[in-house]
Amino acid sequence: MPDTIQTIAVLGAGTMGNGIAHVFARRGYNVILRDVETGALDRAAAAISKNLDREIKKGILKEDEKPKILARIQATTELQKITKADFAVEAVPERLDLKISVLREADKLLRPDVILASNTSSISVTSLAASTSRPDRFSGMHFMNPVPVMVLIEVIRALQTSDETFRSTMALCEKIGKTPVAVNDAPGFVSNRVLLPMINEAAFSVMEGVASAEAVDAILKLGMNHPMGPLELADFIGLDVCVNILDVLYAGFGDSKYRACPLLRKMVAAGWLGRKTGRGFYSYNS
Ligand SMILES: NC(=O)c1ccc[n+]([C@@H]2O[C@H](COP(=O)([O-])OP(=O)(O)OC[C@H]3O[C@@H](n4cnc5c(N)ncnc54)[C@H](O)[C@@H]3O)[C@@H](O)[C@H]2O)c1
C-alpha cells in the first residue's frame, strides 16, 4: 500500500507538524500542511526552511533540492484540501476533545481507504480510533522531537488496528528513512512510560535535597552515557507536558509510582515550564 501513497495530510503545523511535513516532503511526498492559524503556517514555513538549511550545511542535502522540497508542501487553513491525501497524520495539541473533533472532521473528508494516524504522545490510540468511522485504519505514529533529526517512530497499534494498516504504517516510516518500533496501545506507550518516571525521580531527588539539578544531570550524563540529563530533557520537553504525561500514566494505571513530583507541579504553577518560558530547572534568559 505505501507505494500508492503520494500525498500526506498533516493536521497541525506546530513543533511536530512542521517536522513531519519536512521529513515527508524531503522523501518526495506531496504534503498538505493544515493549521487553523495562518501565523502557525508562516512559522512552520520558516522553521522548515531553517532546518533544511541546517541539513545543507551538514552536507546531507544538496542546495538545489531545497526549493523542490518546499514546493511539495502546500500550507493551508482550508480543511477541504485534505481530500486529496492518501495518508493523514494528526499533530494538533494534546487535548482529547480537540483531537477527537479534528479526527472526526478529517474522517469525513478523507477517502475511506486512507489511514489516519495520530502523533499523540500519551492519549489512548484505541479511544482515538473509536472516535472515527475507520478504527481499523487508524494507528499511532509517535514521532520524536526534533522530527528531522530523530530516527525513531514509535508505532502504536490500537486494539482495532488491522494487520494491513499496521504493516502500511510501519512501511511508510521506513520509506521516510525512520526506524519504526511497534508497541501495543497502553498509557504512555513505551517511550514515555520509561522516560517520565526517570524525569520524575530526578525531580524528587532535587526536591528532597539529595542533589542539585546540575548534579543529577551530571550523574546520568557521565555515569550512564545519556546525551542529556533528565532535568535538561524535562526543560526541553516542557514541565507542563511532563506533568500531563505523568497524570495520564497515573490515571491509566492507577499506580502511585506515577504520582507527579510536587516540585514539578509547583514549577508549572509558577509558569517555569522550561526552555519555552526561559526558566525551568535551568535559566535560558542569557
Ligand atoms: N513537542 C514534542 O516534543 C512532542 C513529541 C512527540 C509528540 N508530540 C505530540 O504532538 C502533538 C502536537 O504537539 P506540538 O508540540 O507540535 O504542539 P504545538 O502546540 O507546537 O502545535 C500544534 C498546532 O496545532 C494547531 N491546531 C490547533 N487546532 C487545530 C485544528 N483544529 N486543526 C489544525 N491545526 C490545529 C495549532 O495552531 C498549532 O500550530 C501533540 O499530540 C503532542 O503530544 C509532541
Side-chain angles (χ1 to χ4, degrees), residues 8-23 31-48 51 74-82 85 88-110 116-125 127-128 131 139-156 173 178 180-181 183 187-196 199 228 232-249 273-277 280:
I8 312 289
V10 180
L11 308 167
T15 309
M16 298 306 285
N18 83 60
I20 296 167
H22 173 138
V23 296
V31 176
I32 303 157
L33 179 59
R34 196 261 171 167
D35 203 288
V36 281
E37 285 181 31
T38 45
L41 293 171
D42 294 343
R43 285 191 295 279
I48 295 168
N51 291 333
Q74 185 192 2
T76 184
T77 53
E78 287 170 52
L79 187 60
Q80 198 67 29
K81 294 256 165 75
I82 71 165
V89 184
E90 168 277 311
V92 302
E94 191 77 346
R95 283 190 3 237
L96 180 66
D97 56 338
L98 177 65
K99 290 217 186 267
I100 288 181
S101 89
V102 169
L103 291 170
R104 282 194 177 142
E105 276 178 338
D107 186 33
K108 281 190 206 132
L109 292 171
L110 295 165
L116 191 43
S118 174
N119 183 48
T120 178
S121 39
S122 61
I123 296 172
S124 158
V125 178
S127 319
L128 295 177
S131 73
S139 58
M141 246 178 142
H142 186 201
F143 287 83
M144 303 289 133
N145 184 19
V147 181
V149 177
M150 302 300 279
V151 174
L152 173 71
I153 301 177
E154 192 177 28
V155 172
I156 300 113
C173 294
K178 301 291 184 192
V181 177
V183 306
F189 317 131
V190 168
S191 51
N192 285 327
R193 181 179 184 167
V194 174
L195 175 65
L196 266 297
I199 288 174
M228 280 173 107
E232 271 179 284
L233 183 55
D235 276 0
F236 181 73
I237 295 170
L239 303 190
D240 52 336
V241 176
C242 291
V243 169
N244 287 342
I245 298 172
L246 284 160
D247 285 344
V248 168
L249 292 169
L273 307 183
R275 278 179 183 268
K276 60 188 169 189
T277 57

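Read the numbers this way: they start at 1 and go in the same order the structure lists the ligands and their atoms.
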Between the main-chain N or O of Ser131 and the side-chain N or O of Arg104, is there a donor-acceptor pair closer than 3.5 Å?
-> yes
Taking the side chain as C-beta and beyond, is there a heavy-atom pair between Leu79 and Leu11 under 4.5 Å?
-> yes
For each nitrogen or oxygen atom of ligand 1, which protein N/O atoms lie closer than 3.5 Å, and how far apart are they, rounded to 0.1 Å?
| from | atom 1 | to | atom 2 | distance (Å) |
| --- | --- | --- | --- | --- |
| ligand 1 | 3 (O) | Asn145 | ND2 | 3.1 |
| ligand 1 | 10 (O) | Asn119 | ND2 | 2.9 |
| ligand 1 | 16 (O) | Thr15 | N | 3.3 |
| ligand 1 | 16 (O) | Met16 | N | 2.8 |
| ligand 1 | 20 (O) | Thr15 | N | 3.0 |
| ligand 1 | 20 (O) | Thr15 | OG1 | 3.1 |
| ligand 1 | 32 (N) | Arg34 | NH1 | 3.1 |
| ligand 1 | 37 (O) | Asp35 | OD1 | 2.7 |
| ligand 1 | 37 (O) | Asp35 | OD2 | 3.4 |
| ligand 1 | 39 (O) | Asp35 | OD2 | 2.7 |
| ligand 1 | 41 (O) | Val92 | O | 3.4 |
| ligand 1 | 41 (O) | Glu94 | OE1 | 2.5 |
| ligand 1 | 41 (O) | Lys99 | NZ | 2.6 |
| ligand 1 | 43 (O) | Glu94 | OE1 | 2.9 |
| ligand 1 | 43 (O) | Ser121 | OG | 2.5 |

Examine distances only and state if a side-chain atom of Lys178 and a backbone atom of Val147 form a donor-acceptor pair shorter than 3.5 Å.
-> yes
Any donor-acceptor N or O pair under 3.5 Å, side chains Glu94, Thr120 = yes
What closest approach, in Å, do Ser118 and Lys99 show between heavy atoms, and which atom pair accounts for it?
-> OG-CD, 4.1 Å
Could you tell me whether the side chain of Leu196 reaches within less than 4.5 Å of the side chain of Cys242, counting heavy atoms only?
-> yes
